[in-house]
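Written out below as structure tokens is the structure these notes cover.
Because only heavy atoms are used, hydrogens play no part in the values below, and waters and symmetry mates are left out as well, while side chains stay in.
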Amino acid sequence: MIIYYALSNEDGSISLNNFVKFFSNKNKIGLLSVSILIGALNTALCILIGYPVAMILTKNKKGNNKISIMILLFIMPMWINFVLRTAATRDLLFAMGLSGGEHPYISTMIGMVYNYLPFVILPLYTTMLKMDKSQIEASKDLGANSFETFFKVIIPMTMPGIISAATMVFMPTLSSYVISDILSEYNVVLFGSYIDLYFNQADWNFGSFMALIMLLLIGVSVLISRKFSDDET
């Protein structure tokens with residue numbers, strides 16, 4: 001249905017008007033670029049924060065009650081309604097002097113990282129539990145320092161978890177709009193916001209074309225992640 005509406009006009013006839021309308025509009029292309037950049041930045045920040053947290057969790061003995069409690073603390077916020085969680089984050093940031101009206105991008109990125117960080121920590125933690133510790137010991141026995149061991153041994157072994165985490169963060173961020181709308185007070189407009197806007201205005205054709213672009217981007221990211229997974233395998 002999305003493909004049909006995207007490639008047709010209001011009369012139901014096959015048309016490329018939506019294609020021309022989108023790619024001839026610099027604002028729409030700029031909107032897409034900003035959404036991709038925010039998605040990439042959110043993914044990078046979540047991995048930079050989540051990777052050391054996952055390493056700290058795996059360094060403790062498996063079955064440790066304290067570690068189980070820490071993992072539970074990362075999961076518990078996901079039990080709360082997404083909109084309520086985002087609204088609570090907005091109120092907290094406002095109390096800290098980071099209102100969306102004055103700091104829209106900072107507020108949005110804090111909300112993005114907060115909401116998607118558990119999707120990074122959990123797959124990385126699971127992957128790190130399965131690491132072959134003998135390879136790490138062997139690298140040290142062969143004279144590798146901690147820096148070389150981390151980048152040449154640990155990173156390759158945890159690459160499947162990194163790819164899984166990146167996929168689980170980047171793709172939802174592209175289509176997200178509730179976080180940016182609430183936390184930035186509508187000062188940061190992402191691609192998903194316009195899809196929602198056009199559907200609400202009953203412009204099914206152009207809304208579907210933008211949704212189709214989103215689906216293609218998600219498909220490309222899945223293919224890239226699978227390529228990296230195959231290479232690691």
Taking atom types as modelled and ignoring hydrogens, do the side chains of Thr149 and Ser139 form a donor-acceptor contact shorter than 3.5 angstrom?
yes

Return yes if a side-chain donor-acceptor contact under 3.5 Å exists between Asp11 and Ser13, otherwise no.
no

[Y] and [X] aromatic ring geometry - parallel, tilted or perpendicular at 30°/60° bounds:
X	Y	answer
Phe209	Phe206	parallel
Phe199	Trp204	tilted
Phe150	Tyr51	perpendicular

Heavy-atom side-chain proximity of [X] to [Y] below 4.5 angstrom:
X	Y	answer
Ile182	Val178	yes
Thr86	Leu183	yes
Asn25	Ile29	no
Ser8	Asn205	yes
Leu93	Thr89	yes
Met55	Tyr125	no
Val189	Ser180	no

Do [X] side-chain atoms and [Y] backbone N/O form a donor-acceptor pair below 3.5 Å?
X	Y	value
Asn115	Met112	no
Ser107	Pro104	no
Glu102	Ser99	no
Ser35	Leu31	yes

Once rounded to the nearest 0.5 Å, what's the spacing between atom [atom1] of [X] and atom [atom2] of [Y]?
X	Y	atom1	atom2	result
Ile218	Thr167	CD1	OG1	11.0 Å
Ser164	Phe119	OG	CZ	11.0 Å
Asn17	Leu7	CG	CG	11.0 Å
Ile56	Met128	CD1	CE	10.0 Å
Asn27	Leu32	CG	CG	12.5 Å
Ile121	Ile47	CD1	CD1	12.0 Å

Same cluster for [X] and [Y] if Ile/Leu/Val/Met/Phe/Trp/Tyr side chains link at under 4.5 Å?
X	Y	result
Met159	Leu48	no
Leu142	Ile154	no
Met157	Ile162	yes
Ile14	Leu212	no
Leu57	Leu73	yes

Is the number of heavy atoms from other residues, nucleotides or ligands within 6.0 Å of [atom1] ([X]) greater than 12?
X	atom1	value
Ile3	CD1	no
Lys21	NZ	yes
Tyr114	OH	yes
Phe94	CZ	no
Tyr116	OH	yes
Lys26	NZ	no
Glu10	CD	no

Mind listing the closest non-hydrogen atom pair of [X] and [Y] along with its distance?
X	Y	answer
Glu185	Gly100	OE2-N, 3.7 Å
Ile179	Gly111	CG2-C, 3.9 Å
Ser193	Asp181	OG-OD1, 3.4 Å
Ile49	Val53	O-CG2, 3.2 Å
Leu215	Ile2	CD1-CD1, 4.2 Å
Arg85	Ile80	NH1-O, 2.8 Å

Quick one: do Met214 and Ile195 satisfy side chain to side chain contact (heavy atoms under 4.5 Å, CB included)? Show the steps, please.
CA-CA 9 Å; Met214 183 71 69; Ile195 295 176; 4.2 Å; yes

